[in-house]
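As structure tokens, the structure follows; a few thoughts come after it.
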Amino acid sequence: MRKKIVAGNWKMNTSIQEGVELAKAVAAGAAGTPENVGLIVAAPFTHLASVAEVLKGSKVELSAQNCADHEKGAYTGEVSVGMLVSAGCSWTILGHSERRQYYGETDEKLVVKTRLALEAGLGVILCVGENLEQREEGKHFEVVTSQIENVLFNFTAEEMSKIVVAYEPVWAIGTGKTASAEQAEEIHACIRKVLAGKFGEEVAQDTTILYGGSCKPSNAKELFAQEDIDGGLIGGAALKADDFLAIACSY
Ligand code: PEP
């Protein structure tokens, strides 16, 4: 049975002190969320070690939002997977559309980063999704399929057990426009089919596929009720502990 996960992406928000308070509230409320739903918070790099302390003993796991594409060395300003592990992370998000769009993150780079993360023992939440133009041109299946093929087809079935896919239509991120449950489900089913074609039905059925894009307490239930939607990657609503926990309780 694949795992259900609700993950919060704080992006570049909160001071360390605010982040610690947010993490405390999430950790305190986590016990009241369904046992079969895993919780993850992806905090900014500067917050990780402090947030890790707060999350100790709770079921909430810690994620980074990115990692360097080199193991170590003269790469000023970068943060390595080893540093993330030493700060207490067990996950990293990779390939978020904001990184693809603003920081030139390519599928090729994501293969390198995913490999480094897995080798360091981190789980990876790999984001994929089409932009508005691609959706309007009817290319959404094609775009998402090629992102999955370009990155994940470089890994083994065994490595897939440490990878979660997040489908995030770019036009729905931070815009208040949620993909309808049907729109999300048809892409999730497509992703699972593409994974089955490469890795076999068992791996595809075991892979957690999250939906992200203006997910909130009022729409999470309908989205999560879809057969191939296994939880959410939450941006804006993850900055309020009550909303984040309410989303997790939508199962
Ligand atoms: C995100 O950026 O991962 C996201 C889903 O953002 P929001 O929930 O704010 O649309």
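Whatever order the structure lists them in is the order used to number ligands and atoms, beginning at 1. Everything numeric here is computed off the predicted structure, so don't read it as measured data.
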Lys/Arg-Asp/Glu bridge criterion (N-O < 4.0 Å) met for Lys139, Glu133: no
Parallel, tilted or perpendicular, as decided by the 30° and 60° cut-offs, for the rings of Phe224 and Tyr251: parallel
For Gly174, the atoms of ligand 1 under 4.0 Å from one of its heavy atoms are 7 (P), 9 (O), 10 (O)
Ala172 contact mode with ligand 1 (heavy-atom cut-off under 4.0 Å): backbone
May I ask you to list the atoms of ligand 1 that are less than 4.0 angstrom from any heavy atom of Gly212? 5 (C)
Tell me the contacting part of Asn9 for ligand 1: side chain, backbone, both, or neither, using a 4.0 Å heavy-atom threshold, strictly below. side chain
What's the shortest heavy-atom distance between Ala184 and Ile229, and which atoms? CB-CD1, 3.7 Å
Do any nitrogen or oxygen atoms of Glu168 come within less than 3.5 Å of a nitrogen or oxygen of ligand 1? yes
Does Gly236, backbone or side chain, put an N or O under 3.5 Å from an N or O of ligand 1? yes
Atom 2 (O) of ligand 1 [closest protein heavy-atom partner, distance rounded to 0.1 Å]: Lys11 NZ, 2.5 Å
Under 4.0 Å to a heavy atom of His96 - the qualifying atoms of ligand 1, by number: 1 (C), 2 (O), 3 (O)
Does one side chain, of Gln205 or Arg2, offer a donor that lies under 3.5 Å from an acceptor on the other? yes
Does the side chain of Trp171 come under 3.5 Å of the side chain of Glu130 through a donor N or O and an acceptor N or O? yes
Any side-chain donor near an acceptor of the partner, Glu168 and His96, under 3.5 Å: yes
Find all atoms of ligand 1 within a distance of less than 4.0 Å from any non-hydrogen atom belonging to Gly213, and give their numbers and elements. 5 (C), 10 (O)
Would you please classify the geometry between the Tyr75 ring and the His70 ring as parallel, tilted or perpendicular, with 30° and 60° separating the classes? parallel
If you measure every N/O of Gly235 against every N/O of ligand 1, is any gap under 3.5 Å? yes
Would you check the N or O atoms of Ala237, main chain and side chain alike, for any that come under 3.5 Å of an N or O of ligand 1? no
We want to know whether Thr33 and Lys59 form a side-chain donor-acceptor pair, criterion being a heavy-atom distance below 3.5 angstrom. yes
